[in-house]
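These notes concern the structure reproduced below.
What you see below is based on every heavy atom in this structure, not just the backbone, and it leaves out hydrogens, waters and symmetry mates.
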Amino acid sequence: MVGLFSVGYVGYGRYLSRFVELDDSRETPAHKYQDGQEYVPAKKPVLLGHHFSSIAGGAPIAGPITAAFIWGWVPAVLWVAIGNPLMGAVHDFMALSSSIRHEGKSIGFIIGEYIGERGKNMFLWFAFLVIVLVVAVFALLVAVILDAYPQAATASLLYIGLAIVFGIWLYQLDLPLIPGTVLFVGGIFASVWVGIQYPIALFEPSGFADEAFILFAGEGAWIPGAELFGANTATWIIVGLVYAALASVLPVWVLLQPRDYLSSFLLYTGVGGTLLAVVVGTLLGTTQGGAGALDIQIPAYTSFMGGPLVGVAMPLFPLLFITIACGTISGFHSLVSSGTTAKQLNTESDARTIGYGGMLAEGLLAATALAAVSVVALTPGGAVQGIDAALPNFAEGGGLILTSFGIPLLIGEVFMALVFVSFLLTSLDTALRLGRYMVEELIGTPETDAQERAANKYVNTSIATLAAFVLVSSGQWEQLWPLFGGANQLLAALALLTATVWLANWKETKQLLTTGVPVVVMVIVTICGLLWIALVENVQRTFLDSAWLAEATALQIVSSGLRLVLALVLILLAVAIIRMGYENLQSARDGLLSTNEASVGSDDD
């Protein structure tokens with residue numbers, strides 16, 4: 001996979017750079033609108049770290065693992081290896097490139113430029129719903145991993161504190177980058193040791209965790225969600241959401257840029273080290289308990305409808321392609337690329353490394369996750385339940401693989417858990433920041449008191465945070481995952497459609513196959529997937545099942561109905577946007593747009 005991705009970056013990535021005519025003589029939005037808040041030029045390694053951390057999140061870990069449990073590791077590997085360089089990396093690169101040619105504006109703004117205000121608003125509402133799903137799912141993932149590994153909780157708190165100090169080092173004291181990098185990256189790795197010595201939990205952790213310093217006495221039954229997840233996990237959900245809300249309204253230099261730059265070293269070490277350790281462990285064995293060579297513990301392929309580890313039929317098509325979103329292709333990346341990264345891009349040529357290369361790196365993370373879980377298989381005493389099983393398996397398997405280098409198992413596990421949490425925390429506050437941008441674009445210039453309040457960054461961030469908390473507290477988080485995947489992938493199709501419309505309106509001679517073919521593939525896959533979720537999982541298996549209705553609580557019925565409505569609304573919004581985009585493509589290709597007028601994407605812009 002490393003060789004395939006390298007060929008993709010050198011060959012296809014270079015072609016795309018020439019295709020959109022990247023030119024360092026153009027002033028990027030980061031320089032043109034520099035304000036010290038959102039538009040802040042960043043050095044390429046710093047921005048790559050932020051971008052990679054923001055797009056990666058927990059999905060390229062949980063998704064591939066879940067897919068491997070259901071259908072086997074071969075389908076999962078093939079979807080990542082083929083889809084990433086041909087669709088996912090193209091998607092990220094085109095989203096970033098189109099945004100820097102439109103003043104750093106979002107994908108929603110860009111599509112509005114071509115198909116009108118109605119299309120823009122529909123896209124922004126679609127994306128905002130995806131953002132709420134992202135925040136809900138990732139907040140729970142953070143909480144579960146911190147409950148399973150209290151050592152990672154301590155390390156994560158230290159990591160956030162170090163990032164804030166590093167931001168002051170760089171942007172307030174104007175101290176050099178390289179010495180600061182050595183000092184603070186060393187501090188991040190040292191936090192793993194501190195976490196092992198002083199693991200903390202808010203309440204008594206459940207099952208998987210060893211001993212920890214408990215910060216609050218009692219059972220914590222009064223914590224919202226404690227009866228569903230346990231007090232410790234429920235409290236970490238709240239803490240994670242509060243952290244994300246606060247971090248999302250801070251200037252990017254305070255936490256976002258320095259944290260993501262530092263975490264990139266964790267991520268590169270985790271991905272690169274694990275992949276190398278797989279080779280070493282396979283050839284020479286591990287040091288854990290005198291174990292022999294690493295061996296795959298999960299089947300290569302189960303069946304089209306899913307293996308014995310799942311209780312219901314789950315067809316490989318279309319569910320595999322929405323179970324693995326991040327790692328192959330993810331619409332959330334278009335929001336990051338056009339929402340924050342484009343506002344920090346120093347030169348246009350950086351877009352190739354950050355946009356195309358960053359997505360390839362996420363593909364390697366997905367491969368790392370598959371390698372990690374394959375050597376451990378199942379967590380002790382539990383049937384596979386998607387994300388719930390993926391979390392401890394990833395850290396445990398990653399730790400076992402790292403023993404190939406002689407690293408003690410516990411240190412390896414805590415390190416991999418910290419890698420996971422660093423992804424998740426980054427995506428949490430980045431998602432909320434993007435949600436704020438969308439609300440602001442939807443409102444435009446406030447004309448009423450209500451619009452003024454909604455445009456307030458503290459108000460709209462709080463609304464999105466509360467909505468995510470309500471979704472998580474429903475107790476139906478396993479069902480949220482495929483809905484998130486389907487919505488996320490459909491958003492990717494719409495982002496690719498936006499890029500296609502931009503290209504068609506830029507020059508009549510621009511070929512549209514590079515983005516057009518992935519649009520068609522993703523539209524078919526995602527609409528089929530969302531229809532399955534709506535009609536099979538949330539109608540046939542719930543409302544048409546008398547046994548389920550007899551035992552379901554009111555909250556379960558409401559939750560299933562909400563998921564059904566969300567799936568159908570997302571499909572309707574997407575179909576309407578696709579229709580408007582197709583009409584614009586026809587107009588552009590029929591010559592209704594004058595080729596003599598300078599277009600938005602032209603060199604005259």
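- Side-chain contact between Leu491 and Phe123: present, with at least one pair of heavy atoms (C-beta onward) separated by less than 4.5 Å.
- The structure places CG of Asp147 at 9.5 Å from CD of Glu204, a figure rounded to the nearest 0.5 Å.
- Distance CH2/Trp169 to OG1/Thr181: 9.5 Å, rounded to 0.5 Å.
- Using a 4.5 Å cut-off on side-chain heavy atoms (C-beta onward), Asp350 and Leu345 make contact.
- The number of heavy atoms from other shown groups lying within 6.0 Å of NZ (Lys457) is above 12.
- In this structure, CG in Asn488 is found 9.0 Å from CD1 in Ile329, a value given to the nearest 0.5 Å.
- For Ser191 (side chain) and Ile188 (main-chain N/O), a donor-acceptor pair under 3.5 Å exists by modelled atom type.
- The local environment of NZ in Lys105 is sparse, with at most 12 non-hydrogen atoms from other residues, nucleotides or ligands closer than 6.0 Å.
- When all heavy atoms are compared, the tightest approach of Ala30 to Lys343 is CB-O, 3.2 Å.
- Looking at Glu362, its side chain does come within 3.5 Å of a backbone N or O of Gly327 through a donor-acceptor pair.
- The aromatic rings of Tyr261 and Phe166 sit parallel, their planes meeting at an angle under 30°, below the 60° perpendicular limit.
- For the atom pair CG (Asn460) and CG (Leu432), the distance works out to 9.5 Å, reported to the nearest 0.5 Å.
- Between Leu424 and Leu428, every side-chain heavy-atom pair lies at or beyond the 4.5 Å cut-off.
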Practice task
Kindly indicate, with the supporting measurements, whether the criterion side chain to side chain contact (heavy atoms under 4.5 Å, CB included) is fulfilled by Ile55 and Phe332.
Solution key: CA-CA 7 Å; Ile55 65 172; Phe332 176 68; 5.6 Å; no
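- Checked by atom type and distance alone, the side chain of Arg433 pairs as donor or acceptor with a backbone atom of Leu250 at under 3.5 Å.
- Here the shortest heavy-atom pairing between Asp429 and Ser248 reads O-CB, 3.4 Å.
- Between Ser156 and Leu418 the shortest heavy-atom distance is OG-CD1, 3.6 Å.
- No more than 12 heavy-atom neighbours from other residues, nucleotides or ligands sit within 6.0 angstrom of CH2 on Trp125.
- No donor-acceptor distance shorter than 3.5 angstrom exists from the side chain of Arg563 to the backbone of Leu483, with no hydrogens or angles considered.
- Met122 contributes atom CE, which lies 5.0 Å from atom CG of Leu573 (distance to the nearest 0.5 angstrom).
- Put simply, the side chain of Leu255 reaches to within 4.5 Å of the side chain of Tyr243, judged on heavy atoms.
- Side-chain N or O atoms of His333 include none that pairs as donor or acceptor with a backbone N or O of Asp92 at under 3.5 Å.
- Proximity of Thr269 to Phe415: side-chain heavy atoms (C-beta onward) are separated by under 4.5 Å at one or more points.
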Exercise for the section: For side chain to side chain contact (heavy atoms under 4.5 Å, CB included), just list the numbers for Leu425 and Ile160, CA-CA rounded to whole Å, side-chain angles, deciding distance to a tenth of an Å, and then say yes or no. Expected result: CA-CA 10 Å; Leu425 291 176; Ile160 292 169; 4.0 Å; yes
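- Heavy-atom neighbours of Phe189 CZ from other residues, nucleotides or ligands within 6.0 Å: above the threshold of 12.
- In this structure, Leu141 and Ile145 have side chains that are not in contact, with every pair of non-hydrogen atoms separated by 4.5 Å or more.
- Without hydrogens or angle criteria, Ser334 side chain to Gly331 main chain gives a donor-acceptor distance under 3.5 Å.
- Of the possible polar contacts, one joining the Asn232 side chain to the Leu202 backbone as a donor-acceptor pair under 3.5 Å is found.
- We find the CZ-CE distance between Phe109 and Met438 to be 15.0 Å, quoted to the nearest 0.5 Å.
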Exercise for the section: Given side chain to side chain contact (heavy atoms under 4.5 Å, CB included), test Phe469 with Ile238 step by step and report yes or no. Expected result: CA-CA 8 Å; Phe469 178 71; Ile238 297 172; 3.9 Å; yes
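- Note: Trp222 and Phe203 have perpendicular aromatic rings, judged against thresholds of 30 and 60 degrees for the angle between ring planes.
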Practice task
With side chain to side chain contact (heavy atoms under 4.5 Å, CB included) as the test, would you mind laying out the steps for Leu434 and Thr340 before giving the verdict?
Solution key: CA-CA 8 Å; Leu434 293 171; Thr340 59; 4.0 Å; yes
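- Across all their heavy atoms, Ser106 and Leu124 have their closest contact at OG-CD2, 4.2 Å.
- Scanning both residues, Ala136 and Val472, for their nearest heavy atoms gives O-CG2, 3.0 Å.
- Scanning for ring pair (Phe, Tyr, Trp, His ring centres under 6.0 Å) contacts around Tyr198 gives an empty result, with sequence neighbours left out.
- Of all heavy-atom pairs spanning Ala226 and Ala234, the tightest one is N-CB, 3.7 Å.
- A heavy-atom distance below 4.5 Å is found between the side chains of Pro205 and Ile214.
- Within the 3.5 Å criterion, the main-chain N or O of Ala95 finds no donor-acceptor partner in the side chain of Ser99.
- Looking at Leu170 and Trp253, their side chains never come closer than 4.5 Å, going by heavy atoms from C-beta outward.
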